[in-house]
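Counting starts at 1 for both ligands and their atoms, following the listed order. This chain uses plain numbering: 1 for the first residue, then up along the sequence.
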Amino acid sequence: MCPNSPTSTTPAAAAPDLPQLLARYQAEPHALLQILREWQGLQGWLSPEALNQIASALGLTLAQVQGVAGFYRFLHTQPVGIYRVLFSDNVTDRMLGSAALLADLCQRLGVTPGQVSFDGLVSVDQTSCTGLCDQGPAVLINHHQVVTRLDAARVAQMAELIRARVPVPQWPAAWFEVQDNIRRADVLLAAPCAAGAALAPTLARGADATLVEIKRSNLRGRGGAGFATGLKWELCRKALGAEHVVVCNADEGEPGTFKDRVLLTRQADAVFEGMTIAAHVLGARRGFLYLRGEYRYLLEHLQAVLQRRRAAGLLGANILGSAGFDFDIAIHVGAGAYVCGEESALIESLEGKRGTPRIRPPFPAERGYLGYPTLVNNVETFCAVAHIAQHGGAGWAGIGTAKSTGTKIHSVSGDCARPGLYEYPLGTRVSRILADCGARDTQAVQVGGASGVCLAPDEFECRIAFEDVPTAGAFMVFDRSRDMFEVARGFARFFAHESCGFCTPCRVGTALLVKRMDKLAGGHGSRDDLDVLFELDHLLHSTTHCGLGASACNALRDTVLKFRPAYEQRLRSLDFEPGFDLDAELSIARRMTGRDDAGAHL
Ligand SMILES: Cc1cc2nc3c(=O)[nH]c(=O)nc-3n(C[C@H](O)[C@H](O)[C@H](O)COP(=O)(O)O)c2cc1C
Ligand code: SF4
């Protein structure tokens, strides 16, 4: 935050200057992203002088620093408004009226979306899902604070507060309340692991026996891919390297997913405990929690939990008196890039670079952060690890199905009476979750986020499990009033926006998808366009470099197959139809030549 801006909470004298900030990070090139983020927090934006100074202090070229600053959506290399309002743009925010609220705020402040007001006071724009779908519409203020449950009254008051330059900390406190909305708790949410409760039995059992216990549980990763956790730990443990590194993936960028937000809020001890147990098994000394930029507001809370754990001997040197067991955790804050949830892109980002996914193999478990064997697990996976280390693997294996053991936490949002978190044993039917959350007249459920699967009513008896419908946790409900074409179009825009641009099929393919969908929306579609959507699906699925491109077409494919009338009602003809109206395009020429006779029309 700018020390002299009305949004500042920091007296100008307390703010460090750039050399002090660089010294705090020991001019370490791998800290580049953190340095850029923090300096921008103080100055509002990253000026060319600052980029130059940072480059020379870190021994990097200016191009390298500019390349990183230009990659992340929350970093600005041009002046921005003193107040920066970013509307969350998930489909669930739109269903709650976010588009009209954005237009209202822009009109009240006299700004165009995406541009800074002429006096430099404010900018209003959109950003991808902020992970607050159970209490939207949501906005991010200055990338630092979140306002939930936005409505017309709040928008009107917000415009007044901004015009009067009232500092954000003086805005109504109720606006910043983020509710946990736990609606159904099972073993993880009902009885979170207390600080040290799983570490003590781990140390008593020893590293080998703890790994056996994790394997006995049959736990599979909760970040999406469902890789066997015990096997991943074993591979990483066996990999050769001067040291091993443990990383918690708290990027949670999948639209409709917000369970990690609640786990970090309520069960940070369990997350850190799971990471510390992994460190004990692997012999790791360093850990990172990669926190998505949208959850920056959780940073102070998480730092306080880490500090408490250090004071209690649960982190640092000789943990719980165990000679030689030294491990500590640093928090790295992201800056608005969904692709950084992909584990190799996340590691690039941890190293201070652009979040471009790496070529694999080698996998991070063999060669990850700075080339060291690196274990990456999801927030919920580490909570499950803490539970298993405390209660034993057999208990976890006894919950759920044979192939999908334990419980899964679902982030439920959309058309239902009770959005929030629901924890069930794996193997629970979709219909049960719909009944519990108070969904009515449901037309579709998008399970697993934008990259997941869209289920129609005849599939609601499916089970959420790796062998049936796998999920990373999002459960978005759409009733019969919703237009499934528009839902899919929103997801197409999301992927085009978030593509990192590294490989052509994804960079171009996602843009072409949006063009086709826009053409259909504009009433110029034909059956040919639907065929092209399937061709693009095949292209993206088979040729892209990482999972983002491979899954970018999932929602489109599912909705065309299962909700075809939503597409067909937009087709003008069954034959080829051009993407624009040539006759309409000639209207300017007609006006200029003063002609409007039949010969001037096509
Ligand atoms: C585009 C993309 C985004 C991803 N985002 C996340 C994420 O936000 N959180 C997460 O845990 N895993 C995410 N993943 C999966 C990770 O690459 C990785 O598989 C996971 O963190 C491993 O943890 P787990 O074994 O505990 O599931 C993403 C994958 C892709 C391709
Ligand atoms: S598939 Fe997309 S997000 Fe993944 S590397 Fe290629 S361009 Fe980047």
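Here the protein heavy atom with the shortest distance to atom 17 (O) of ligand 1 is E343 N, 3.0 Å. Ranking the protein heavy atoms by distance from atom 21 (O) of ligand 1 puts N249 ND2, 3.0 Å first. From the protein, the heavy atom lying nearest to atom 11 (O) of ligand 1 is N378 ND2, 2.8 Å. Of all protein heavy atoms, the one lying nearest to atom 5 (S) of ligand 2 is H545 CD2, 3.4 Å. Closest to atom 4 (Fe) of ligand 2, if we only count protein heavy atoms, is C546 SG, 2.4 Å. Scanning the protein heavy atoms around atom 4 (C) of ligand 1, the nearest turns out to be G341 C, 3.3 Å. Counting protein heavy atoms only, atom 8 (O) of ligand 1 is closest to E252 N, 3.0 Å. Of the protein's non-hydrogen atoms, C503 SG, 2.3 Å is the one closest to atom 6 (Fe) of ligand 2. Here the protein heavy atom with the shortest distance to atom 29 (C) of ligand 1 is E342 CA, 3.7 Å. Protein heavy atom in closest approach to atom 15 (C) of ligand 1: G223 O, 3.8 Å.
With a 4.0 Å cut-off on non-hydrogen atoms, T381 touches ligand 1 through its side chain and not its backbone.
Between Y338 and F495, the ring-plane angle classifies as perpendicular under the 30° and 60° cut-offs.
Every atom of ligand 1 is numbered from 1 in the order shown, and the set under 4.0 Å from a heavy atom of V376 is 21 (O), 22 (C), 23 (O). Counting the atoms of ligand 1 from 1 in the order shown, those under 4.0 Å from a heavy atom of D251 are 8 (O). Numbered from 1 in the order shown, with element, the atoms of ligand 1 that lie under 4.0 Å from a heavy atom of G253 read 8 (O). Numbered from 1 in the order shown, with element, the atoms of ligand 2 that lie under 4.0 Å from a heavy atom of S499 read 2 (Fe), 7 (S). Set against the non-hydrogen atoms of G549, the atoms of ligand 2 under 4.0 Å away are 1 (S). Interface of T544 with ligand 2, defined as ligand atoms under 4.0 Å from a residue heavy atom, comprises 1 (S). Numbered from 1 in the order shown, with element, the atoms of ligand 1 that lie under 4.0 Å from a heavy atom of G547 read 31 (C). Within ligand 2, the atoms closer than 4.0 Å to a non-hydrogen atom of P357 are 5 (S), numbered from 1 in the order shown.
Around atom NZ of K353, more than 12 heavy atoms belonging to other residues, nucleotides or ligands sit under 6.0 Å away. Heavy-atom contacts from other residues, nucleotides or ligands closer than 6.0 Å to NE2 of H541 number 12 or fewer.
In the model, Q66 has no side-chain atom that pairs as donor or acceptor with a side-chain atom of T77 under 3.5 Å. For the residue pair S349/Y290, the side-chain donor-acceptor check at 3.5 Å is satisfied.
Within the structure, the closest approach of K232 to ligand 1 falls below 4.0 Å when heavy atoms are considered. Within the 4.0 Å heavy-atom shell around ligand 1 one does not find V339.
Salt bridge annotation for R354-E348: absent, with no cationic side-chain nitrogen under 4.0 angstrom from a carboxylate oxygen. Salt-bridge formation is detected for the pair R360/E342: a Lys NZ or Arg NE/NH1/NH2 atom is positioned less than 4.0 Å from an Asp or Glu carboxylate oxygen.
For the pairing with C506, the side chain to side chain contact (heavy atoms under 4.5 Å, CB included) check across T544, T543, V339 returns one residue only, T544. Under the side-chain hydrogen bond (donor to acceptor under 3.5 Å, both in side chains) test applied with D89, the options R94, H497, R493 reduce to a single match, R94. Of the residues K259, K408, R183, the one that meets the side chain to side chain contact (heavy atoms under 4.5 Å, CB included) test with Y422 is R183.
Among the atoms of C506, no N, O or S atom falls under 2.8 Å of atom 6 (Fe) of ligand 2.
Considering each of P505, A345, C500, the one bringing a non-hydrogen atom nearest atom 3 (S) of ligand 2 is C500.
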